[in-house]
Asks: 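This is the structure, below, for whatever I ask next.
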Amino acid sequence: MRVRSQLVRIVVTLPLMVYGLLALPSLLGQKAAAIGKGIYATSSDHKPPAWLVDVAPQAGIAVRNVNGEPDSKRYIIETTGSGVVILDYDRDGWPDILLINGTSLPGRPAPVKSLPTSHLFHNNHDGTFTDVTEKAGLTSSGWGQGGCVGDYDNDGYDDIYITGYGKNRLFHNQADGTFREVAESAGVAGSGKEWGTGCAFVDYDRDGKLDLVLANYVHFDSTNPPEPGRDATCMWKGTAVMCGPRGLQSAPNILYHNIGKGKFEDVSKSSGIEKTSGHYCFSVTTLDYDRDGWPDLFVACDSTPAILYHNNHNGTFTDTASDVGVAFNEDGREQAGMGSTAADYDGDGSIDLFKTNFSDDTATLYHSNGDGTFTDMTFPSGLGTNSETVGWGCMFADIDNDGWPDLIVSNGHVYPEVDTAKLGGQYREPRFLYLNLGNGKFRDISKTSGPGLQTPAPGRGLAIADLWNDGRLEAIFNNIDDLPMLLVNIASNQNHWIGLSLIGTVSNRDGIGARVTVQGEKRKWVDEVRSGSSYNSSNDLRLHFGLGAETKLKNIEVRWPNGKVELFDGPTVDRISEIVEGKGHAAT
């Protein structure tokens, strides 16, 4: 007999076009909060699909990123910038923003008087944020690069891992609005000699506890750094520039296995992660590319082939990137990869990959063939049009809720010399928005979609979230040596959407690694819950699906991280719903 599913604790009910005063139960069932009237409201003056404006100043997010000297990048450590982390750290149902920050080298001019720190901004529910860094216990200076989110001890509160040059930091959420740094005691601080970049929490062995994968870039000696123009690897278009990554020693990636009680063990060697060597790695994107129920790991690498660690189901991984078609581009050439993201962009039920690269090259779109292999579809898809920029953060995001994931890309050069020596291009670059046409193709609409895209900036990290639970996805950019941007789409449309917050009970609490299939009346949508991705950033863990004109969903199928599959009756659209493991009915 069929047991009726339960979708519990509805977070918000709000049509996309309405911004009135509404009661909002939080994830904990606390006293209702309210959406302020007209929070960056849409306007019929701006036609769909998009008109993006930067509201960071009004929202109160005005902290400057610091990564060395702004106008002179003599060393590679000053060029890579930092990521963005989204998490609901206090479980009030509203996503908060953490901007990772860097610092300066000794003896180099400092752009700020006090030591820079990453900044946590609490969502005030009214379109503004409050800097709660000190109150939350997150004040910490260093060469912060990236971050990822996961509830590694399954206590119901998300924790934060911050990567960087030197020791990495693990901030345990104390469930009272504060964090405690525990990297050393947890066993994930590292040796201090590596340069951590991208990271992701992932339950690779499906035991219900989140493990941690960390990408490393190069070995860099800050006490004796290589000077610009030292050799051929420190020249670009005939001009002396900072050295690296070529010519510098690479650093192996790391896999930490969660052994419980707040502890991890380094299994990089025994798992096979270290077997792939000689790569300069940045972002980590998790996905089950062959649909075998076990999470795999895609790593974008600078100036070297990309890596795809296939999960062998026994605690080990094998790099299959070359075998399945994602190590190189269609010409068989390695690229200078920076950021990566994954989604089913063409609605065929398989997860595809997108990677940003250096200038004088295009980004790369790898289409999943559904059999565990990929085909480079960059040019057939229309994404081979821009080659002058250096791409960093990137995210699939359905910006107009028409049911087809679009692409947002953060750009910014690494050499200030492109301006001073007039080497072509520009140091501060615009952002890109590619509209998904629903037929496997994209169109660049960046120049016609608002000032938020066109204002040049030295972009790096990018994260996506429905910050105000209204069905619109916002984009947060961390710009190196500059102020951040928070882009809101104020173009009106009549499309529908659904937001899903997964709660694991046997699986990990965040449901990271779950594969979700939303079945509508006419088509279906597929995505996976993932930590990390983009460029050294971590997005809202809640899944968002644009539904277009669909107003009724048949069901939602969830394959939980432990492999079990449940069906849930289709919830009402235009709202965010929680799906709790064990509350559905078994799928046949």
Side-chain angles (χ1 to χ4, degrees), residues 54 56-57 61-84 99-119 141-145 164-165 195 197 217-218 220-230 233-245 247-248 282 302 336 338 358-360 388-393 410-431 454-462 477-485 535-536:
D54 178 18
I61 302 176
V63 60
R64 184 172 295 276
N65 177 269
V66 177
N67 269 267
E69 190 176 349
D71 302 321
S72 175
K73 302 296 186 183
R74 293 184 61 82
Y75 309 112
I76 192 171
I77 190 68
E78 301 177 286
T79 67
T80 52
S82 309
V84 181
L99 295 175
I100 309 299
N101 213 341
T103 187
S104 297
L105 287 169
R108 295 277 283 163
V112 294
K113 294 182 180 180
S114 59
L115 285 175
T117 180
S118 299
H119 287 265
S141 187
W143 285 102
Q145 294 286 297
Y165 169 59
W195 177 347
T197 52
Y217 193 38
V218 299
F220 177 77
D221 184 0
S222 62
T223 63
N224 186 31
E227 293 295 328
R230 181 190 64 178
T233 64
C234 313
M235 302 292 294
W236 189 68
K237 295 186 177 182
T239 300
V241 295
M242 58 83 182
C243 298
L248 300 180
F282 275 135
D302 188 2
M338 309 293 188
F358 201 75
S359 64
D360 301 317
E388 71 281 5
T389 57
V390 178
W392 298 87
S410 175
N411 300 304
H413 219 287
V414 297
Y415 304 132
E417 292 83 359
V418 298
D419 293 337
T420 57
K422 301 185 184 303
L423 301 178
Q426 55 188 12
Y427 183 69
R428 303 170 70 89
E429 297 176 330
R431 286 142 301 288
Q454 286 302 294
T455 304
R460 294 298 187 267
L462 160 66
F477 296 83
N478 203 352
N479 299 317
I480 188 171
D481 304 312
D482 209 335
L483 299 176
M485 289 180 169
Y535 173 71
N536 301 351

Asks: Under the side chain to side chain donor-acceptor pair (under 3.5 Å) test, which residues partner Asp54, sequence neighbours left out?
Replies: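 Counting only residues at least two positions away or on another chain, Asp54 forms no side chain to side chain donor-acceptor pair (under 3.5 Å).
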Asks: Check salt bridge (Lys or Arg N to Asp or Glu O under 4.0 Å) between Glu227 and all other residues, then give those that pass, not counting sequence neighbours.
Replies: Arg74
Asks: Return the set of residues passing side-chain contact (heavy atoms from CB on, under 4.5 Å) with Asp360 (not counting sequence neighbours), or none when no residue passes.
Replies: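 Expected list: Trp236, Lys237.
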Asks: By salt bridge (Lys or Arg N to Asp or Glu O under 4.0 Å), which residues pair with Glu429, not counting sequence neighbours?
Replies: none
Asks: Just to verify, what does Asn224 make a side chain to side chain donor-acceptor pair (under 3.5 Å) with, not counting sequence neighbours?
Replies: none
Asks: Output all residues satisfying side chain to side chain donor-acceptor pair (under 3.5 Å) with Thr80, sequence neighbours left out; order by chain, then residue number.
Replies: Gln145
Asks: Test of understanding: with side-chain contact (heavy atoms from CB on, under 4.5 Å), list the residues that count as partners of Val63, not counting sequence neighbours.
Replies: Leu99, His119, Phe121
Asks: Does anything in residues 415-426 pair up under salt bridge (charged side-chain N to carboxylate O under 4.0 Å, His left out), and if so which pairs, sequence neighbours excluded?
Replies: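 Passing the test, one end in residues 415-426: no pairs.
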Asks: Not counting sequence neighbours, which residues clear side-chain contact (heavy atoms from CB on, under 4.5 Å) with Pro416? List them please.
Replies: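 In terms of side-chain contact (heavy atoms from CB on, under 4.5 Å), with neighbours along the sequence ignored, Pro416 is linked to Lys73, Tyr427.
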Asks: Which residues pass the side-chain contact (heavy atoms from CB on, under 4.5 Å) test with Arg428, sequence neighbours left out?
Replies: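 In terms of side-chain contact (heavy atoms from CB on, under 4.5 Å), with neighbours along the sequence ignored, Arg428 is linked to Pro456, Pro458, Asp482.
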Asks: Is Ser222 close to Ile77 at the side-chain level, that is, under 4.5 Å between some pair of heavy atoms?
Replies: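 Answer no - side chains too far apart.
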Asks: Are any side-chain N or O atoms of Asn536 and backbone N or O atoms of Ser82, one a donor and one an acceptor, separated by less than 3.5 Å?
Replies: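 Checking the backbone N and O of Ser82 against the side chain of Asn536, no donor-acceptor pair under 3.5 Å is found.
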Asks: List for me each residue that meets side chain to side chain donor-acceptor pair (under 3.5 Å) alongside Ser141, sequence neighbours excluded, and say none if there are none.
Replies: none
Asks: Sequence neighbours excluded, which residues qualify as ring pair (Phe, Tyr, Trp, His ring centres under 6.0 Å) partners of Phe477?
Replies: none
Asks: Under the criterion side chain to side chain contact (heavy atoms under 4.5 Å, CB included), I'd like the reasoning laid out for Asn67 against Trp143: C-alpha separation, chi angles, the key distance, then a yes or no.
Replies: CA-CA 8 Å; Asn67 269 267; Trp143 285 102; 3.8 Å; yes
